[in-house]
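Below is one structure; the comments refer to it alone.
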Amino acid sequence: MRNARGWDGLIRFVAGLDTMEGMTPPVEQLIAQSTSELVQIDLTPRKPAAKPAWLKAKAPMGETFHNLKKMARELNLHTVCESAQCPNIGECWNQKSATFMMLGNLCTRRCGFCAVPKGKPEPIDFDEPRRVAYAVAQLGLAHAVITSVNRDDDNVGAARAFVSVIEEIRMQAPGCRVEVLTPDFQGNEEALRLVVAARPEILNHNIETVPRLYRVAKSGGRYEKSLRFLQHAKELAAEMFSDRDGDQIVTKTGIIVGMGEEMHELLAVFRDLADRKVDILTIGQYLRPSRDHLPMARYYTPEEFAFLKHEAVGMGFKHVESGPLVRSSYHAQEQAESTGLAAPVKFNANSY
C-alpha cells in the first residue's frame, strides 16, 4: 500500500525513466534515491479538500434505480456503474441506462486509478452473455453498453464472451444498438478479430491517460498497444465488411484527467487518436477511489473541459463528450446517434 507521498514519488521516478540516458548521477543511484522516497510514510492527518460544485452528482435513489439493482442481483450480473464507483449511477439508472460488466468482478490488472476489485478470477461463465441480453431486453434498451474486467488469463475466451453477448442481444433485443468496451486483449490478434467479426455498432477501448503516466496508472497496459488496437479494429473491419463504405465500425475511446498530466500531453494524445480515425472521444475528471489509488493532482474546471472539447473537435472526431462527470458510457446513446454512423445491425437468424 502506498500513501500519497509514495505515489507522487513513484510518478516522478517513472516519468523520468525515459530521459535518464546520459545523465549523472547514474541511473542506479537515482533508483535507490527514488526507492527510499517511496517508503516514507506521512502520518499527518489531512482534511480532505471539498469537491467543487460542478462535481456534485445526484444521490442514487428512486424506484427505477432499486428495480435495476434488484434485477442485476437476481441474474447474478455486475455493473461497472457499481464496481467502478461511477458518480452518475443515480442519473443513469433512473433513466434505465446501465453498463453491464462481464467476466466476473475481479480484474487481473491493478491499474492505479481504477476501483474495480483485483484478484484471481473464477473461470469464465459463458452463460453470462445470455443473462446480460435478457436484462437488456427486460429494460427495453435502445443502446446497450457492455464492458468487462481484464482477463489476461484467457484473452480469446474473453473475446468469445463478447461475441456471445453481441449475438444474444441481437436475438433477445432486436434493434438494440450494441457498444462493447473491451480490454486490449494483450494485443492478441485472434481475440480482436473475433470481436470485430461480431460487428458491434461501436467498439470502445479506453486510452485512459498520457504515455508518461502509463507505467503507474495503467498496469499491464501499453500506450502504443492501445493505439494499435483502435487502428487495427478499423483495418480489420474494412477487410471484413464492404457494405458501409469507410465506416464499417465506429471506434471510441476515453481519457481521464487530473492524474498529473500536462495540457500539451493531452493534446498530443488527441492527435494520435485522430490520426487513427477514432470517431468518439470522452474526457472526464479522475476522482480518487481510495488512499490506495493514485493521488489526484488537480480538478479541471468546466472551462478547461470546454477547451479540450474545442481542440478535439477541431482534430476531426465525430463526437466529443467532455466534462467533470463524463465517463466512457455517460450519454452513450446520444454519443452514438450524434455521429450518424452507428445504425443498428439488422438481426439475421441464419448467421448464428
Side-chain angles (χ1 to χ4, degrees), residues 14-15 17-19 107 109 111-114 147-148 150-152 155 158-159 162 179-197 200 202-240 246-257 259-284 286 308-309 311-322 326-329 335 339 341-342:
V14 171
L17 281 178
D18 296 331
T19 60
C107 187
R109 299 187 189 179
C111 296
F113 63 87
C114 183
T147 188
S148 78
N150 282 283
R151 289 301 300 256
D152 293 336
N155 288 293
F162 273 105
E179 175 178 332
V180 293
L181 169 54
T182 75
D184 60 18
F185 301 124
Q186 293 184 307
N188 186 291
E189 171 87 8
E190 180 184 357
L192 180 56
R193 277 186 174 274
L194 284 168
V195 175
V196 171
I202 296 180
L203 177 57
N204 186 350
H205 171 66
N206 283 337
I207 203 78
E208 305 291 14
T209 190
V210 300
R212 178 173 57 86
L213 297 180
Y214 249 63
R215 300 190 198 185
V216 292
K218 199 170 180 183
S219 168
R222 295 292 182 271
Y223 179 73
E224 294 76 12
K225 186 183 294 181
S226 287
L227 283 180
R228 176 59 183 160
F229 181 99
L230 292 162
Q231 177 179 348
H232 198 36
K234 287 275 191 185
E235 294 168 348
L236 289 173
E239 171 190 312
M240 295 177 183
D247 292 317
Q248 292 87 352
I249 196 167
V250 175
T251 53
K252 174 179 172 179
T253 194
I255 192 166
I256 51 176
V257 299
M259 292 191 292
E261 70 291 323
E262 300 291 340
M263 192 69 74
H264 70 89
E265 293 178 298
L266 289 173
L267 297 180
V269 170
F270 295 174
R271 283 190 288 272
D272 285 343
L273 295 168
D275 287 346
R276 286 152 181 84
K277 310 300 182 186
V278 174
D279 299 293
I280 301 174
L281 173 66
T282 64
I283 312 164
Y286 170 57
L308 289 170
K309 177 174 182 175
E311 293 298 304
V313 168
M315 295 178 192
F317 292 95
K318 300 292 193 307
H319 182 91
V320 179
E321 194 84 15
S322 179
V326 167
R327 296 296 181 266
S328 186
S329 56
Q335 294 171 23
T339 67
L341 302 175

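Predicted, not measured: the structure shown is a model, and the values here were computed from it.
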So, taking the atom named [atom1] in [X] and the one named [atom2] in [Y], what distance separates them when rounded to the nearest 0.5 Å?
X: M263; Y: L266; atom1: CE; atom2: CG; answer: 6.5 Å
X: R215; Y: T209; atom1: CZ; atom2: OG1; answer: 13.5 Å
X: I280; Y: K252; atom1: CD1; atom2: NZ; answer: 5.5 Å
X: D279; Y: K318; atom1: CG; atom2: NZ; answer: 5.0 Å

Member of V257, I256, V326 meeting the side chain to side chain contact (heavy atoms under 4.5 Å, CB included) criterion with I283 | V257
Salt bridge (charged side-chain N to carboxylate O under 4.0 Å, His left out) involving R109 - partner list, sequence neighbours excluded = D152, D184
Could you list the residues that satisfy salt bridge (charged side-chain N to carboxylate O under 4.0 Å, His left out) with E265, not counting sequence neighbours?
-> R212
For [X], give me all partners under side-chain contact (heavy atoms from CB on, under 4.5 Å), at least two apart in sequence or on another chain.
X: A312; result: F270, L281, F317, V320
X: K277; result: K234
X: A191; result: A159, F185, N188
X: D272; result: Y223, L227, R276

Do the non-hydrogen side-chain atoms of [X] and [Y] ever get within less than 4.5 Å of each other?
X: R151; Y: N155; value: no
X: P183; Y: F162; value: yes
X: S226; Y: K218; value: yes

Give me the atom names and distance for the closest heavy-atom approach of [X] to [Y].
X: I255; Y: I207; value: CB-CG2, 4.1 Å
X: R222; Y: Y214; value: C-CE2, 3.3 Å
X: V196; Y: L203; value: CG2-CD2, 4.1 Å

For [X] and [Y], indicate whether the former's side chain and the latter's backbone hold a donor-acceptor pair under 3.5 Å.
X: N206; Y: G254; result: yes
X: T251; Y: L230; result: no
X: T282; Y: E321; result: no
X: H205; Y: T182; result: yes

Under the side chain to side chain donor-acceptor pair (under 3.5 Å) rule, collect the residues that match up with S322, sequence neighbours excluded.
-> none
Report the residues that fulfil side chain to side chain donor-acceptor pair (under 3.5 Å) with R228, sequence neighbours left out, ordered by chain and then residue number.
-> H232, E235
For residues 185-197, which residue pairs qualify under salt bridge (Lys or Arg N to Asp or Glu O under 4.0 Å), counting only residues two or more places apart or in two chains?
-> R160-E190, E189-R193, R193-E239
